[in-house]
Every structure is written in C-alpha cells, then in structure tokens.
Amino acid sequence: MRILPFRRAAAIGAVALLSFGAAAALGSSPAYAKANSQVTVVHGIPGQAVDVYVNGKKTIPDFQPGKVAGPLSLPAGQYDIALTKPGDAIGSALLKVDNAEVPGDANISLVAHLTADGKPALTPFANDTAKLAAGKARLTVRHAAAAPAVDIRAGGKPVFEGVTNGKEGKADLDAGTVSADVVLAGSDTRVLGPADLDLKEGTATIVYAVGSAEDKTLDIVSQTITGLHSAPGGVPSGDGGQADGNGSLPWYGVGAAGILLALFGLTRLVTGRR
Amino acid sequence: MSSRRGAPRTRPGRALPLTLLSLGLGLAVTAGAVACQSQPADDFGAPAVTTLASSAPPALRVPIQDGKPPQADAGDEPARLRIPALQLDATVDAVGIDAATGDFAVPPSVDQVGWYRYGPGFSARAGSIVIAGHVDSAAEGKGAFFRLGALKAGEPVTLTGADGKERAFEVVARERYRKTAIPLEKYFARDGAVRLTLITCGGPFDTKTGHYRDNVVITATARS
C-alpha cells in the first residue's frame, strides 16, 4: 500500500467534511454549543489488520478487516488519523490523513477501503440519523470496493442502480428481512450475495461492499445505528363507548331534579306559614 | 295549660311541602354522591414515570463489532398478561404498526391484548415493555382493559413469557391524557429503567367519530 492515492482520498474526504461543516455552520448555532460527533471506523481493506491512531494516540489496536469500531465521541475540530500495521511506529503508517475536519453534532463513518482501481483510501461518509417513522428501518448501501458500477437489488428487484465507488444508495423501508444482492450495473451478473438482511425497526443498517472484484475478495461489512425509532402515531383502543367517563351525566340530572323539588317544598313551607 | 296550645304541631297543610323538601334533599345528596363516585379516580404516580424514563444509560465504551449483516433475533414476546385485581388473564399478541394509519396495531379481538414487538420484550433489562388493549369495541363489547383505569398503586401485574417463565410487576402510576397530548415517546422509550406500560382508551366518547378522547396509561415496575 502506498501513501500517494491516499492523499486524493484524504482531499476528497476533507472537502466532504468541510462542506458538511459549512452546512452545519449555516444552522447558525455557535460552534461551542455543538455536541460531539459520533465517528465510527469501518475496516474494508481485505487481508491487513491495522492499528488506528487518532491525533497520535493508538485508539483501536489490532483492528481486523471486516470489523466496525466505535462510535468514538469526538468534539468538533481537526484530527490526524493514521493506520499502521499492528505494532508499527506511526511514522511508517500505511494510510495517513492530517487535519481531517470533524464538524460538530454529526454522525460519520470513516471507511478504510479500496478505490475503484484498487488503491487503499480512507473515506468519510455522513450518516443519516434522522428519526424513522414507527415500523420503518433505513437501509444504506455504500460502494467501497475495487469494482465497477453496480446495482443493488432487494428481492431480485434493483433498488439502487449504477452505484460507483464512494457513492451510496439509501431508502427507508418497512422493518423486516430483505434478501439483497449486488450485480454489475445493468446486468444479472451477481458479484455479491444474496444475503438476508434483517432490517430492525428504528435502526439504520449501512452495508459496505468492500474488497476487490479482481482479487475475488468482494465481501460486505455492515454497520448498524440504533435509536432512530419513533413512537406510534397513537393507540386507538376502543370504539364502543361503554367506558365513557361521563357515565355520571344522568346522575347530575337526578341531582338537579332533587334540588328543584327541595326548593319547591321549601317555598311551599314558607308561603304556607302566612 | 295554655302553654300546650302553643306547642308546635304539624299542620296538615305543611306535610306535603316537608315531604317534598326532604325527598328533594335526599335525591340531590344521593345523586351527588353517585356522580362523584362514578368519576374516574385521581391520577397518581406521574413523577415516578418521569424518573423511570430518564434513568441514565450505561457509559459508552468504544466497542468493536463484527461487520456481519444483521440477523433476526430470537423472539422475546410475552405470552400472557395477568392482573388479579381485574380478574384478567389475557393472551398477548405480538403486534406492530397499522400501515394505513401509523398507529399501534391493537389486536381487533377485544379479549386479546397487543405487545409492541418493536420495543423492549419479555426479558428486557431496559426500557418500556408496552402492551395495549381495547377498553371496549362496538362489535364485541367490553374489552380486556375495560377496568384498567381502576388499578391502584401496588397492585400486582404478571407477565408470562413464551417459555412459561413469569415476571412480576407492580403498579406505580395511573395517568390519563388527551390523545392529542399524550407523550407517547416516553411510553415507547427503549431506554431508562425497565417497566411495563399498559395503555387503553378512556374519557368521554365521541359518538360521531367513534373514538374516546383520552388514553389511560398504567406504569408498573419490576417487583423486587
């Protein structure tokens, strides 16, 4: 692995993060008021375990391919991130990105993967953590493999078409199991799957296609973000009317009649005295 | 002797008004008492519900997960709900969302109650296990939760799992909300202390729409 391609990936990443940060800044709340960002690290480069350094500190030791680490809770700011062979000094990093901008109050996946032409890269993706309607689940599929454009199919039907390296397809679906596979764009040539994905209600499932088509190491890595659920719209649980809390209404009538009767009697008493 | 003449005597002309007076007073008092008694009892336990909902989550670590695709969990549905105070022993169905309305899909059969299968299940260690049931229905009459609003603090509620295991809870709160104002997020929370939340309808019934105005919510905590 060389460092050169990584520069480009880092540049793309920085631009993505910067624009992301700018968008967040337009939200006009002052920077110091921003919450930490949640950063998840995804390892999608086959065959090479790494140590992950954040600002020179070994944060995730012996991080294996196909694993997902985090989330790390990081305050907004700039970070130096480096990946080394396990035990190697940070000076001989396999991959390194300096001054990566992490905006406040965001959810980011930092993905170590191969580019379309097979070079290692570290790409940030912003995760959609908007609340889901009750009963729904979010599916995001990201192309992070050394492979051409692909279609992602669910139940045999293409749901995301022509997805290229570094891009994603995303949809909110009914919670439940979908059988997904990946084919070369516009074809029926399957490159991955089919795999059963249990999309849990109120969660976002992010599936990364990783590895290399040429080296036959294509695989999927998946990440789950929980806690995006909403309560149902309501709890309709009766349409008979028998439990109406105003069952006492007739008794008010009886009470009123009683009072009238008593008043009448009182009047007669008083007037009868004369 | 003459003093006897002045003694109070009921004149025939005063008997009817007196009877009317006492009858009227009696009616008014009885009606007042009955009306008061048939009013729903006061709510209780709202602060307890808030405390349960806001219990601190465990501290965050930096975990490493295997990036395997998510697999279906083993089911964790409760099978039966028993409330001795209401002589209730009902079958629990696992239900979700009514796709047409986005509402809780309460089982249509009034003698069954529905467990919200997307939320915490029978063996949950955190969050609100939600079971909703009909107070009544136009088609089937009184429902399993017809008298839910009469539950008192400390009364036991037992949940039975699919494997026959039991979990004991006791009532800590009874609350009533207009459906337009009920904080459902709190009752469908998946974090905070583990608790059992029972929901049904109540309050005035609107014959035009065929709906009750309110929801009645019972919160029960695990019995130690």
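All values below were derived from every heavy atom in this structure, side-chain atoms included, with hydrogens, water molecules and symmetry-related copies excluded. Each chain gets a letter, A, B and so on, in the order its sequence line appears, and its residues count up from 1.
- Only the backbone of A/Asp196 comes within less than 4.5 Å of a heavy atom of chain B; no side-chain atom from C-beta onward does.
- The side-chain hydrogen bond (donor to acceptor under 3.5 Å, both in side chains) analysis of residues 86-97 of chain B, with sequence neighbours excluded, yields the pairs B/Arg80-B/Asp89, B/Arg80-B/Thr91.
- Per-residue counts of heavy-atom pairs under 4.5 Å with chain A were compared for B/Pro108, B/Gly102, B/Ala105; the largest is that of B/Gly102.
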Pairs of donor and acceptor atoms involving the side chains of residues 137-144 of chain A, under 3.5 Å and at least two apart or interchain, shall be tabulated with distances.
from     : atom 1 : to       : atom 2 : distance (Å)
A/Arg138 : NE     : A/Asp172 : OD1    : 2.8
A/Arg138 : NH1    : A/Asp128 : O      : 2.9
A/Arg138 : NH1    : A/Asp128 : OD1    : 3.4
A/Arg138 : NH1    : A/Ala130 : O      : 3.0
A/Arg138 : NH2    : A/Ala130 : O      : 3.1
A/Arg138 : NH2    : A/Asp172 : OD2    : 3.4
A/Arg142 : NE     : A/Glu168 : OE1    : 2.7
A/Arg142 : NH1    : A/Asn127 : OD1    : 2.8
A/Arg142 : NH1    : A/Tyr208 : OH     : 3.0
A/Arg142 : NH2    : A/Ala126 : O      : 3.2
A/Arg142 : NH2    : A/Asn127 : OD1    : 2.8
A/Arg142 : NH2    : A/Glu168 : OE1    : 3.1
A/His143 : ND1    : A/Ala145 : N      : 3.4
A/His143 : NE2    : A/Ala147 : O      : 3.3
A/His143 : NE2    : A/Pro148 : O      : 2.9

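- With respect to the salt-bridge test (charged N to carboxylate O, under 4.0 angstrom), the residues B/Arg190 and A/Glu201 qualify.
- Atoms OG1 and CG, on A/Thr226 and B/Asp191 in that order, are 10.0 Å from each other to the nearest 0.5 Å.
- In this structure, the separation between CG on A/Leu261 and OG1 on B/Thr19 is 10.0 Å, given to the nearest 0.5 Å.
- Using a 4.5 Å cut-off between heavy atoms, A/Gln242 contacts chain B through both its backbone and its side chain.
- Looking only at side-chain heavy atoms (C-beta outward), B/Asp66 and A/Lys67 come within less than 4.5 Å of each other.
- Using non-hydrogen atoms only and a strict 4.5 Å limit, the part of residues 228-237 of chain A facing chain B consists of A/His229, A/Ser230, A/Ala231, A/Pro232, A/Gly233, A/Gly234, A/Val235, A/Pro236, A/Ser237.
- Using a 4.5 Å cut-off between heavy atoms, A/Val207 does not touch chain B at all.
- Note that CG of A/Leu260 and CG of B/Leu20 are 12.0 Å apart. Values are rounded to the nearest 0.5 Å.
- To the nearest 0.5 Å, atoms CG (B/Leu21) and CG (A/Leu269) are separated by 6.0 Å.
- Residues of residues 134-145 of chain B that come within less than 4.5 angstrom of chain A, heavy atom to heavy atom, are B/His134, B/Val135, B/Asp136, B/Ser137, B/Ala138, B/Gly141, B/Lys142 in numerical order.
- Ranked by heavy-atom pairs shorter than 4.5 Å toward chain A, the options B/Pro107, B/Pro70, B/Pro69, B/Ala28 are led by B/Pro70.
- Side-chain atoms of A/Asp244 come within 3.5 Å of backbone N or O of B/Phe205 as a donor-acceptor pair.
- The backbone N or O of A/Gly241 lies less than 3.5 Å from a partner atom in the side chain of B/Tyr212, making a donor-acceptor pair.
- The most heavy-atom pairs under 4.5 Å with chain A, out of B/Ala132, B/Gly96, B/Gly149, B/Gly133, come from B/Gly133.
- Counting heavy atoms of neighbouring residues, nucleotides and ligands inside a 6.0 Å radius, atom CZ of B/Phe44 exceeds 12 of them.
- Contact annotation for A/Ala134: both backbone and side-chain heavy atoms come within less than 4.5 Å of a heavy atom of chain B.
- For A/Lys200, the part lying near chain B is the side chain, with the backbone staying farther off; criterion is any non-hydrogen pair under 4.5 Å.
- In this structure, CG in A/Asp62 is found 9.0 Å from CD1 in B/Ile64, a value given to the nearest 0.5 Å.
- For B/Tyr187, no part sits under 4.5 Å from any heavy atom of chain A, backbone or side chain.
- When the shell of 6.0 Å around NZ of B/Lys68 is examined, it contains 12 or fewer heavy atoms from other residues, nucleotides or ligands.
- Scanning both residues, B/Tyr118 and A/Ala175, for their nearest heavy atoms gives CE2-CB, 4.3 Å.
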